[in-house]
Every structure is written in C-alpha cells, then in structure tokens.
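We count ligands from 1, going down the list as the structure has it; atoms in each ligand are counted the same way.
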Amino acid sequence: MMSKNIISTSNLMFSSLCCSWASLRGARFFAPNTKTLSGCGSKEKKKIVCACSAPPRNMGDGLSSININDSHPVNSRREEREIESETDVLIECRNVYKSFGEKHILKGVSFKIRHGEAVGIIGPSGTGKSTILKIMAGLLAPDKGDVFIRGKKRHGLISDEEISGLRIGLVFQSAALFDSLTVRENVGFLLYENSNMPEDQISALVTETLAAVGLKGVEDRLPSELSGGMKKRVALARSIIFDNSKKIIEPEVLLYDEPTAGLDPIASTVVEDLIRSVHLKGEDALGKPGKIASYVVVTHQHSTIRRAVDRLLFLYDGKIVWQGKTSEFTTSANPIVRQFASGSLDGPIKY
Ligand SMILES: Nc1ncnc2c1ncn2[C@@H]1O[C@H](COP(=O)(O)OP(=O)(O)OP(=O)(O)O)[C@@H](O)[C@H]1O
C-alpha cells in the first residue's frame, strides 16, 4: 500500500544530509529529499541491552566524576550511587567539537541526558543548538569528541551497526510529512517499511497512536487537508509509534527542534502539553502514561521553557555556559543567562 516513489518537499532543513531511510535503524527521521524509500529490509540487528529503569537521580550538572581509589565506606556508598546513576544516562555528548568551514560552532560541548528527563537547550541564534541535536541524533558526526548511547560510544552516523538499545526520534520544526501519503501512511511509515507486523495491526496501532495525541478520524486525510497544529500532532504520532510486537522495547528519546516556533500562544500551550503528555511522567490523550523515556527541546520560547522542560542547558560561544533547573533560569546571576532571560541589548551577548 505504500507509494514506492516518494518526493516530499515539506522540509528543507535536512536537504544537505541526504540520509537514506534504509540506514535509519535505531533512529527515526524522515529525510524529505530521499526520493525512493522502498527496500528497507527488517534485518536482525545487534542489540545492546542494559537495565535502564531507574529515574534520574542527578539533576545537577550531570558531569560528576568518580574517584575509584577512595575505599572509605561512606565514599564507597556514594561511589556506588554515582556508578549506579550512570546507568540512567541514555545519551552523553562528551567534549564535542563541530565546525562548518571557518565557523567553529561547537567548541567542547559536554552533557548527559538521563532516563526520565525533560531537557531544554537554549541560547542565542546560530550558537549550534540544532547542530547538537543532529549530532545527538546521529545525523551529523562531531569533528572531535564523542557521543555515547547508553554508555556505548557511537562510531560514525546512524548507519553504524554497533549502536542500538535506544530509539531516537527527531521532531522537526516543520512537520516534515510526506505530502503524497495519507496520515495513516505517514504515521505507520516506519512499521510498514521495517516491521513484520500485519497491515491491519499497523493500521489499528496508527489509530491508537493518533488518539494518544488527540486526533481522531484523520487517518485517510492528506497532510494538505490538515491545519498546522494537526500536522505537528501527526508528526509527533509518527515519532512515538513503535513495533509493540517486539520482545524487547527499547526506550525512546525524542528530540524536538523548535516545536512551538511560529505558533500563537494558545497553540504553543497545546504543543507544550502534548510534549509533556507523551513523556513517561505524563498522561496521553487516552489517559495512559506516556512512553517517551526522555526528551530534549531546542526552543527560544519562554512559554516552552517554562511549561515543557525541567532542566536547561545554555549554549553560547560553542560551550554549555550554564545549566540548571528551569525554575532557576530567571533568577540566575550568570550575566549571559540574565541578559538572555530579559532580552536586554546590554550584556555579554553581542549581535
Ligand atoms: N550544514 C551546514 N553547513 C554550513 N553551516 C552550517 C550547517 N549547519 C549549520 N551551519 C551553521 O552553523 C551555525 C549554527 O547553526 P544551528 O542551526 O545549529 O544554530 P541554532 O543555534 O540552532 O540557530 P537558531 O536558534 O537560529 O535556529 C549557523 O551559523 C549555521 O549557519
């Protein structure tokens, strides 16, 4: 039932990346300039399975080091806790550098995303927020530094055979739906192409997933027949659907790139609540707990910062210059954060 020649023009953002759908395994993205998306086999892949059910323990800087030579019992207990807390880490960027020609964008970025977290990445325009999302997602490789997925170093990009154990979804600012496919085909795309699930089961799962994001009876519509807000919901449904017939269900991290950009304040609130609702600490539109283990939101919007995330990373001049709880953002004494939070022209950030 899937169209074999798909040309989507709905998103220009990844036009230079050209990643083939066949190579997207642990990650789920839609590369709109990929012209032929057929022939995606469902090969068995190597799995990295590790326990990852504990809630995040360290909401601080997440960069604490472990002294393995200190054998004092109190310290040992602390070490145990710290080592244990490392099992919470789903994605880690360690000392990541990235340049585009002469532009040195990321100059040693380090942070961890833990199980259960809702993290925002903020900072002035052009500081590399989208770039770091793409690096986390495996769509761009760092020039220097490493990305660890559940403790396992990623080599190369998303086609790398070694990395699995975590599903990573990227939700684009524009919904990036395939214009020529129905909502059902868009949402079930990954499963129609990559899973062994029968079509009627996929169709039922699509309906259930759409209901989870508050959409009913839109399965047969084309994207052009949807409002902007509905398209965002469909894109979200496409990111959270997964093959639930598998024995091992890997946790999923969703990466949202400016999900509320261009929306009016009320539409923004709807999307912000939707982001919360599909998280495991939330409750979806069907009243069921959300399934997303953790998420990262790149945003400029204050409402999204306040409403959709618990912890913030502030990226400026190639580095994380501040991180803290969302509640600390507006009270921080850091001059960069203060200027950004107030929108003042006076301060260390120069345009
Ligand atoms: N593929 C690329 N080739 C060349 N330059 C790039 C590429 N991707 C990003 N850049 C440049 O890197 C810088 C950071 O871009 P990025 O989109 O990551 O910033 P951002 O912080 O997300 O910006 P904004 O808040 O405006 O969306 C920009 O100067 C951008 O022009």
Side-chain angles (χ1 to χ4, degrees), residues 10-20 23 27 29-34 91 93 95-111 113 119-145 147 156-159 168-176 232 235 253-263 268 271-272 275 295-306 308-309 311-323 329 334 336-337 339-345 347-351:
S10 56
N11 183 1
L12 299 172
M13 184 172 152
F14 276 15
S15 59
S16 61
L17 291 172
C18 292
C19 44
S20 137
S23 71
F29 321 98
F30 293 80
N33 61 332
T34 302
I91 302 177
C93 288
N95 207 21
V96 164
Y97 284 73
K98 185 76 193 174
S99 299
F100 297 106
E102 294 299 303
K103 282 193 277 188
H104 305 298
I105 304 300
L106 304 176
K107 302 180 222 168
V109 170
S110 298
F111 61 87
I113 304 300
V119 178
I121 300 181
I122 56 173
S125 286
T127 44
K129 301 180 294 298
S130 298
T131 301
I132 197 72
L133 273 200
K134 288 176 203 166
I135 287 174
M136 287 166 78
L139 289 167
L140 266 184
D143 298 336
K144 207 171 104 182
V147 178
L157 299 177
I158 46 178
S159 56
I168 302 177
L170 183 53
V171 184
F172 297 93
Q173 181 177 340
S174 64
K232 281 193 191 282
V253 175
L254 273 191
L255 310 175
Y256 297 93
D257 198 354
E258 301 200 35
T260 50
L263 295 181
S268 293
V271 171
E272 287 149 9
I275 290 171
Y295 60 84
V296 180
V297 182
V298 162
T299 186
H300 284 298
Q301 287 205 195
H302 277 243
S303 68
T304 309
I305 293 170
R306 277 197 313 271
V309 298
R311 184 164 76 90
L312 287 169
L313 306 172
F314 195 110
L315 188 60
Y316 177 62
D317 197 22
K319 293 216 159 106
I320 302 291
V321 292
W322 179 86
Q323 55 183 309
F329 175 56
N334 182 313
I336 296 170
V337 178
Q339 183 190 356
F340 194 77
S342 67
S344 169
L345 293 177
I349 303 171
K350 301 289 176 219
Y351 274 85

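- Atoms of ligand 1 found under 4.0 Å from any heavy atom of Lys129, numbered from 1 in the order shown, are 18 (O), 19 (O), 20 (P), 21 (O), 22 (O), 23 (O), 24 (P), 25 (O).
- For the side chain to side chain contact (heavy atoms under 4.5 Å, CB included) with Leu315, the lone residue among Val298, Val321, Ile320 that qualifies is Ile320.
- Interatomic distance, Phe314 CZ to Lys129 NZ, rounded to the nearest 0.5 Å: 8.5 Å.
- How far CG of Leu133 is from CG of Leu255: 5.5 Å, rounded to the nearest 0.5 Å.
- Heavy-atom contacts of Thr127 reach the following atoms of ligand 1: 19 (O), 21 (O) (cutoff under 4.0 Å).
- Residue Lys134 places every heavy atom at 4.0 Å or more from ligand 1.
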Steps toward side-chain hydrogen bond (donor to acceptor under 3.5 Å, both in side chains) verdict (Thr260, Thr304): CA-CA 7 Å; Thr260 50; Thr304 309; 2.7 Å; yes

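- When Gly126, Ala261, Ser130, Gly128 are checked for heavy-atom proximity to atom 23 (O) of ligand 1, Gly126 turns out nearest.
- Side-chain contact between Pro142 and Lys98 is absent, with no heavy-atom pair separated by less than 4.5 Å.
- With a 4.0 Å cut-off on non-hydrogen atoms, Ile105 touches ligand 1 through its side chain and not its backbone.
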